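Bear in mind that the values here come from a model prediction, so they are computed numbers and not experimental data.
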Amino acid sequence: MFKGFFGIKNINERLIREYDSFKELQSKKLFESSYEYIEPTYFWNSEIKKGKLIENIFLQIENDGAQLIILEAANCDWTISSLFTQIAYHHYKAREWIPMLKNVFKMRILDYEDLEEILLYFDENSLVAKQFFRIDREEFLIKLSDMKVPCPLKMKNLIFLANLFQIHDPRIDKLTPSPLKEIM
């Protein structure tokens, strides 16, 4: 019994050392910017805090300080998903369409070419942008994975596919290339 206890204690101490080393390395990568550790009862600038975690994260993101925030919690999928949804809503309200779409789709897309016409349309018609904000991501991903012919994961293609699958906006439909429509 004591052997197991000391084994767990040693593992715990090793993980804490590794975490401290990781923090130091990340702090150097962030050019000595602040680096914070947040958990359900979280530490914020060395003070124990409760509540309003998401608001504090938003403030930190908007601040020029830390660009790395670590959330650690058991079963935190819903919390993380909720955080992305709130960030997407923040971008929707600010009419920042590309960051909104990145957070709605929750995919790492690096290709944002040729979106000017779509972004201008979103500026003119925020109700269409709102439909993209409210897309059913799970349904979208299922339909995307069911496609017989794969298409490149570019933001423009995701917008066209989301429109074909769920939104059905006529103007975006006119912009959609016919080969993409034929895949459907």
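Applying the side-chain hydrogen bond (donor to acceptor under 3.5 Å, both in side chains) criterion to Lys143, with sequence neighbours excluded, gives Glu139. Partners of Tyr89 according to the ring-ring contact (aromatic ring centres under 6.0 Å, His included) rule, which considers only residues two or more places apart in sequence or in another chain, are Phe133. For Phe132, the ring-ring contact (aromatic ring centres under 6.0 Å, His included) criterion is met by Phe122, not counting sequence neighbours.
Atom CG in Leu119 sits 9.0 Å away from atom CH2 in Trp97 (nearest 0.5 Å). To the nearest 0.5 Å, atoms CD1 (Ile118) and CG (Leu175) are separated by 6.0 Å. Residue Ile98 holds its CD1 atom at 12.5 Å from CG of Asn103, rounded to the nearest 0.5 Å. One distance of note links CE of Met147 with CD1 of Ile142; it measures 15.0 Å at 0.5 Å rounding.
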Donor-acceptor pairs under 3.5 angstrom involving side-chain atoms of residues 162-169: please list them, not counting sequence neighbours.
{"unit_1": "Asn163", "atom_1": "OD1", "unit_2": "His168", "atom_2": "N", "d": "3.3"}
{"unit_1": "Asn163", "atom_1": "OD1", "unit_2": "Asp169", "atom_2": "N", "d": "2.7"}
{"unit_1": "Asn163", "atom_1": "ND2", "unit_2": "Asp169", "atom_2": "O", "d": "3.2"}
{"unit_1": "Gln166", "atom_1": "OE1", "unit_2": "Asp136", "atom_2": "N", "d": "3.0"}
{"unit_1": "Gln166", "atom_1": "NE2", "unit_2": "Asp136", "atom_2": "O", "d": "2.9"}
{"unit_1": "Asp169", "atom_1": "OD1", "unit_2": "Tyr121", "atom_2": "OH", "d": "2.9"}
{"unit_1": "Asp169", "atom_1": "OD2", "unit_2": "Tyr121", "atom_2": "OH", "d": "3.0"}
{"unit_1": "Asp169", "atom_1": "OD2", "unit_2": "Arg171", "atom_2": "N", "d": "3.2"}
{"unit_1": "Asp169", "atom_1": "OD2", "unit_2": "Ile172", "atom_2": "N", "d": "3.1"}

Could you go through residues 150-160 and list every donor-acceptor pair under 3.5 Å that involves a side-chain atom there, pairing it with any protein atom two or more places apart or in another chain?
{"unit_1": "Lys156", "atom_1": "NZ", "unit_2": "Asp114", "atom_2": "O", "d": "3.2"}
{"unit_1": "Asn157", "atom_1": "ND2", "unit_2": "Pro152", "atom_2": "O", "d": "2.8"}

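Looking only at side-chain heavy atoms (C-beta outward), Ile135 and Phe105 come within less than 4.5 Å of each other. Inter-residue side-chain proximity for Arg137 and Leu141 is flagged as met; some heavy-atom pair is nearer than 4.5 Å.
When the shell of 6.0 Å around CD of Glu138 is examined, it contains 12 or fewer heavy atoms from other residues, nucleotides or ligands.
No continuous path of ILVMFWY side-chain contacts below 4.5 Å connects Val128 to Leu120, so the two sit in separate hydrophobic clusters.
A salt bridge (Lys or Arg N to Asp or Glu O under 4.0 Å) check over residues 87-106, counting only residues at least two apart or in different chains, returns nothing.
Ala129 approaches Met100 most closely through the heavy-atom pair O-CE, 3.7 Å.
Listed for the Asp123 side chain is no donor-acceptor partner under 3.5 Å among the backbone atoms of Asn125.
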**Request:** Take Lys130 and Ser126 through the side-chain contact (heavy atoms from CB on, under 4.5 Å) test and state the conclusion after the steps.
**Result:** CA-CA 6 Å; Lys130 186 176 192 175; Ser126 63; over 6 Å; no
